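Presented below is the structure to which this report refers.
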Amino acid sequence: MRTRPLKVALLGCGVVGSEVARIMTTHADDLAARVGAPVELAGVAVRRPDKVREGIDPALVTTDATALVKRGDLDVVVEVIGGIEPARTLITTAFEHGASVVSANKALLAQDGAALYAAAEQHDKDLYYEAAVAGAIPLIRPLRESLAGDKVNRVLGIVNGTTNFILDKMDSTGAGYQEALDEATALGYAEADPTADVEGFDAAAKAAILAGIAFHTRVRLDDVHREGMTEVTAADFASAREMGCTIKLLAICERAADGASVTARVHPAMIPLSHPLANVRGAYNAVFVESDAAGQLMFYGPGAGGSPTASAVLGDLVAVCRNRLSGARGPGESAYAALPVSPMGEVVTRYHISLDVADKPGVLAQVATVFAEHGVSIDTVRQQGKDGEASLVVVTHRATDAALGGTVAALRKLDTVRGVASIMRVEGE
Ligand SMILES: NC(=O)c1ccc[n+]([C@@H]2O[C@H](COP(=O)([O-])OP(=O)(O)OC[C@H]3O[C@@H](n4cnc5c(N)ncnc54)[C@H](O)[C@@H]3O)[C@@H](O)[C@H]2O)c1
Ligand SMILES: N[C@@H](CCO)C(=O)O
Ligand code: NA
């Protein structure tokens, strides 16, 4: 084994960073044996230097992250600060000063992945980010490396633990959204400001990263259609149950049937109880991958939390350290396919629509005509009447989102349609 250690700087020592430091210290001998050289924590950039950090030598702690990444003797910089700046500048500065980078930063990778890859390439360095999507679950590397010889057609996943916890609670207890969110907050799953999770921003960033790798195409956050899950109601869950489904917030990345384009989206959807994703409970994540040669694969596990996320960071750290020693580099950006990312209107799926209508002769025919006029074929209709009003539940065959949107706009104009109670896509069939 080489005796000269590989030097690692840690940027950020919060939930994930503190666990990375702890595991680096407690597993130092195993890490050294696996890498082939000692892996030394050479500096830790923090915002609050006075905080007591168990197991970290105070002499390593600095508030000057820029000076740390400019040291010039670092092998690897681990970025677990999060957010766009200063993380982006610190990462590019690290490359410029000779270090490879391991990051957990999905927001940054989804927004500026191409520029970061270019900087890594320019300086002949590695950029690894397994922790950025679905925490501990090995997913980036299986897609980027293990499936590099296959053709991925679809990635369908639950990639946000907070929202899965909330939806699971609503499903299993009949609770409303707010009640379930309050419990998620009390248990520490949801952050004080849960916007990024419940509005789907976090999942959309992960969808952009997954689609980019799966389809060898640049997919940015702005390319991902995003709908949060704050409007999902207990009544939606009751409807889902009647169809033998549950509701999940899904990230869906698909290659079009003709292979000429791709789509990426995040929204709540009904999914059959028989689908493996329906049984992903609590704050767990799971991602279903469909490819030409392998068929169907599922990746399952803890998608968040300090220690699970640190597991993914440490796995990357070992890989990058091994590359440093052997003089190799891991895979860079693979965007050669450069497929266009189609807008949501071109997505094809099934829909579950609940309408409040007047309960009188001809209404069902009128509603059915609107679907027909927009080329949307109806699979099933269920009606329940009460005091001259009725609730009409229509489930469609596969249609484009644009056709469904046109149908709903026309339905809203009918005098006999009092309101559109909910529209939910049906996936995973
Ligand atoms: N927590 C998770 O479960 C989880 C899971 C997957 C990925 N991630 C990602 O990991 C990263 C870190 O997340 P976290 O949960 O540890 O966040 P956190 O807020 O607990 O930790 C971030 C730390 O960075 C520090 N920091 C901020 N600016 C700094 C600066 N300029 N210099 C030095 N330190 C600075 C903060 O003080 C804080 O302690 C994020 O990109 C996040 O998206 C987190
Ligand atoms: N807030 C995220 C953390 C992991 O990225 C979640 O709930 O899954
Ligand atoms: Na992961």
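The model shown is predicted, which means the values in this text are computed figures rather than measured ones. Order of listing sets the numbers, starting from 1, for every ligand and every atom in it.
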Sort and list the pairs that fulfil side-chain hydrogen bond (donor to acceptor under 3.5 Å, both in side chains) and have at least one residue in residues 220-241, not counting sequence neighbours.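 Qualifying pairs, neighbours excluded: D171-R241, H225-E227, E227-R425, T233-D236, D236-S422.
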Number of protein N/O/S atoms less than 3.0 Å from the Na ion (ligand 3)?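 Count of protein N, O, S atoms less than 3.0 Å from the Na ion (ligand 3): 5.
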What are the distances between nitrogen or oxygen atoms of ligand 1 and protein nitrogen or oxygen atoms, counting only those under 3.5 Å?
| unit_1 | atom_1 | unit_2 | atom_2 | d |
| --- | --- | --- | --- | --- |
| ligand 1 | 3 (O) | G305 | N | 2.7 |
| ligand 1 | 16 (O) | V15 | N | 3.2 |
| ligand 1 | 16 (O) | V16 | N | 2.8 |
| ligand 1 | 20 (O) | V15 | N | 2.9 |
| ligand 1 | 37 (O) | R47 | NE | 3.4 |
| ligand 1 | 43 (O) | K106 | NZ | 3.2 |

Could you tell me whether the side chain of [X] and the main chain of [Y] form a donor-acceptor pair under 3.5 Å?
{"X": "E79", "Y": "I81", "result": "yes"}
{"X": "T396", "Y": "Y351", "result": "yes"}
{"X": "S261", "Y": "A256", "result": "no"}
{"X": "R2", "Y": "R4", "result": "yes"}

Can you spot which of R265, R350, R398, K248 makes a salt bridge (charged side-chain N to carboxylate O under 4.0 Å, His left out) with E427?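 Passing option: R265.
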For the residue pair V80 and A104, what are the closest heavy atoms and their distance?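 So the minimum-distance heavy-atom pair works out to CG1-CB, 4.0 Å.
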Ionic contact status for E121 with R329, cut-off 4.0 Å: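 Here R329 pairs with E121 in a salt bridge, since their nearest N and O are under 4.0 Å apart.
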Assess whether a salt bridge exists between K169 and E179, defined as any Lys/Arg side-chain N lying under 4.0 Å from an Asp/Glu carboxylate O.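 Salt bridge flag = no for E179 with K169.
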List, ordered by chain and residue number, the protein residues whose closest non-hydrogen atom lies under 4.0 Å from any atom of ligand 2.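 Ligand 2 pocket, heavy atoms under 4.0 Å: K106, N160, G161, T162, D197, D202, K206, G303, A304.
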So is R144 actually on top of Y129's ring, under 6.0 Å and inside 45° of the axis?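 Yes, a cation-pi geometry holds between R144 and Y129.
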Spacing of OH belonging to Y177 relative to CZ belonging to F237, to within rounding of 0.5 Å: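 So the gap between those two atoms works out to 12.5 Å.
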Is there side-chain contact between P194 and T185, with at least one heavy-atom pair below 4.5 Å?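 Heavy-atom side-chain distance check fails, nothing below 4.5 Å.
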Are any non-hydrogen side-chain atoms of I252 and V155 less than 4.5 angstrom apart?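 A side-chain contact under 4.5 Å is absent here.
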